[in-house]
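Just so you know, these numbers come straight off a predicted model, no measurement behind them. First the proteins, then the strands, lettered A, B, ... as listed; each starts at 1.
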Protein chains: 2
Amino acid sequence: MSQRKRRVDPNQPIVLPNDASEEAYLIQRGWACVYKLLPDGSRQVLSFSLPGDIVGLPGLSLEGASPFWFESLTEVEISSISSATLFRGLASEPAVARAMQWSVALESAILIERLISLGRRSALVRTAHFILELATRLSLIGEDTRRGFDCPVNQYWLADALGLTAIHLNRVLRELREAHLLTMRSGHVEIHNFEGLRELAAFDADYLTPPKRRH
Amino acid sequence: MSQRKRRVDPNQPIVLPNDASEEAYLIQRGWACVYKLLPDGSRQVLSFSLPGDIVGLPGLSLEGASPFWFESLTEVEISSISSATLFRGLASEPAVARAMQWSVALESAILIERLISLGRRSALVRTAHFILELATRLSLIGEDTRRGFDCPVNQYWLADALGLTAIHLNRVLRELREAHLLTMRSGHVEIHNFEGLRELAAFDADYLTPPKRRH
DNA sequence: CGAAACATTGACACGCTTCAACAGTGGTGG
DNA sequence: CCACCACTGTTGAAGCGTGTCAATGTTTCG
């Protein structure tokens, strides 16, 4: 269904706030992120988008401008899907409809879990939980992440996703390193003790796993 | 489309975690809320549900148990819609599909705004912002909330929605009261200075307002 | 080689939590 | 009708987690 396919350099805006573009984007390669800039200059990252993710779905029905930035972190390949073709496919192809529903449900589940993290988990637990979420999402698209994974997110971006300052996140990462749980440096996360992390974060991957078809 | 209509007493669970009920709920009267209980006993409120809200939509396509509580705050009237009839209506009635999309988009927008609050706004601003959100949502369903509104949410619930302790929220509410912005007591919010609040919270209601149909 | 981006550290300040206690309020039963 | 109790709201004091400010080290890349 995808239409225009595009390659984007690292750290390039893809959609600017108040663009009224009526399309969704499918990430095919690379990492991107969606964030909001507040009046005081601070930044809240809403989501990191990985290959296979669809960005902008729930916003489509608003047919208006979104107040968020959508930006590449690495070199990225994306295809855009116009709202019109999407709705057509949604009506005619049940498989497409199911995929869309799953995509929206997953996005919402991830959002909810971060809300819980920001509201009720300490910086340490929150950080561990988020790394495990990334590891799990990557493993769902075929990467083996048990011992680590490439993660092109610097400490500023990560801090802005976790509601922390980069400085404090740095201390948290040191703590995780000194506890022999994980090391994050120069674009790579090394997981030293997966089980220990899972326990620290009370991480349960259920919210990320696609529904098993029953009957 | 609604099927069974039900009346529920205040403070009664409606859906328990790990119930695998395949239906969504339309609130017709009263307030309810969705929350998660963490292993350490703390609680994060995910949403307060007001009349007209639909609860459980994105979760439907997961066809599995949700890990959340759904509970009444006041006496509540709800009707349930089974996933089957919902999908049928969705396929045959474009108006239904649009309404669902709007409902999902709104829910997601509210979630995102709270994520931003928890991540990047102080307790004072966060609280003011949330009260204004409630006021705006109520005004969209016909209540005049400029000078205040009934709000059957005690300080414990509100604190658990805002990621604060009830004790600190109490101090924040005192601060708002002493700044002549709002008073919250015994189930009622009195707004003394709407503009002042809006300025303090940098509140922009756009994210809550339904899309204007163009042309 | 130099410059910019990113990571790290220390000292200190502040916002929010914790713990403990008490006051107000409404509902219930004796 | 009043005593009692549960629930909710309020306050103070102290401690801790996170933020702020300022500086330095490290890596990357032109």
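Within a 6.0 Å radius of CD in A:Glu199, other residues, nucleotides and ligands contribute 12 heavy atoms or fewer. With a 6.0 Å radius and a threshold of 12 heavy atoms from other residues, nucleotides or ligands, B:Arg147 has its CZ atom at or below the threshold.
Looking only at side-chain heavy atoms (C-beta outward), A:Glu190 and A:Arg177 stay at 4.5 Å or farther from each other.
Each of A:Ile167 and A:Arg120 was assigned the nucleotide of DNA chain C with the nearest heavy atom; the assignment lying further toward the 5' end belongs to A:Ile167. Of the residues near DNA chain D, B:Arg174 and B:Asn154, the one whose nearest nucleotide (by heavy atom distance) lies more toward the 5' end is B:Asn154.
For the segment residues 33-48 of chain B, the set of residues with a heavy atom within less than 4.0 Å of an atom of DNA chain D is empty. For the segment residues 178-186 of chain A, the set of residues with a heavy atom within less than 4.0 Å of an atom of DNA chain D comprises A:Ser186, in numerical order. For the segment residues 156-165 of chain A, residues with any heavy atom less than 4.0 angstrom from an atom of DNA chain D are, sorted by number, A:Gly163, A:Leu164, A:Thr165.
In terms of modelled atom types and a separation under 3.5 Å, the side chain of B:Gln44 and the main chain of B:Asp160 share a donor-acceptor contact. Between the side chain of B:Ser108 and the backbone N or O of B:Val104, no donor-acceptor pair lies under 3.5 Å.
Residue A:Leu132 holds its CG atom at 11.5 Å from CG of A:Asp204, rounded to the nearest 0.5 Å. The structure places CG of A:Leu134 at 11.0 Å from OG of A:Ser139, a figure rounded to the nearest 0.5 Å. Distance CD1/B:Ile78 to CD/B:Gln28: 9.0 Å, rounded to 0.5 Å.
Protein atom NE2 of A:His188 is 17 Å distant from nucleotide atom C1' of D:dT27, rounded to whole Å. Atom-to-atom, NE2 of B:His168 to P of D:dT10 comes out at 15 Å; the value is rounded to the nearest Å. Rounded to whole Å, the distance from CG on B:Leu173 to C1' on D:dT8 is 13 Å. Regarding B:Glu175, its CD atom lies at a distance of 18 Å from the P atom of D:dG9, rounded to whole Å. Between the P atom of D:dG19 and the CG atom of B:Leu118 lies a distance of 13 Å, rounded to the nearest Å.
For the ring pair (Phe, Tyr, Trp, His ring centres under 6.0 Å) condition, no pair includes a residue of residues 174-196 of chain A, sequence neighbours left out.
Using cut-offs of 30° and 60° on the angle between ring planes, the pair A:Phe70 and A:Tyr25 is tilted.
The ring pair (Phe, Tyr, Trp, His ring centres under 6.0 Å) check on A:Phe68 picks up nothing, with sequence neighbours excluded.
The aromatic ring centroids of A:Trp157 and A:Phe48 lie 6.0 Å or more from each other.
With a cutoff of under 4.0 Å to any heavy atom of chain B, the contacted region of DNA chain C is bounded 5' to 3' by C:dC16 to C:dA20.
Closest approach of B:Ser72 and B:Ile14 over heavy atoms only: N-CD1, 3.9 Å.
Residue B:Asn170 places none of its side-chain N or O atoms closer than 4.0 Å to OP1 or OP2 of D:dG9.
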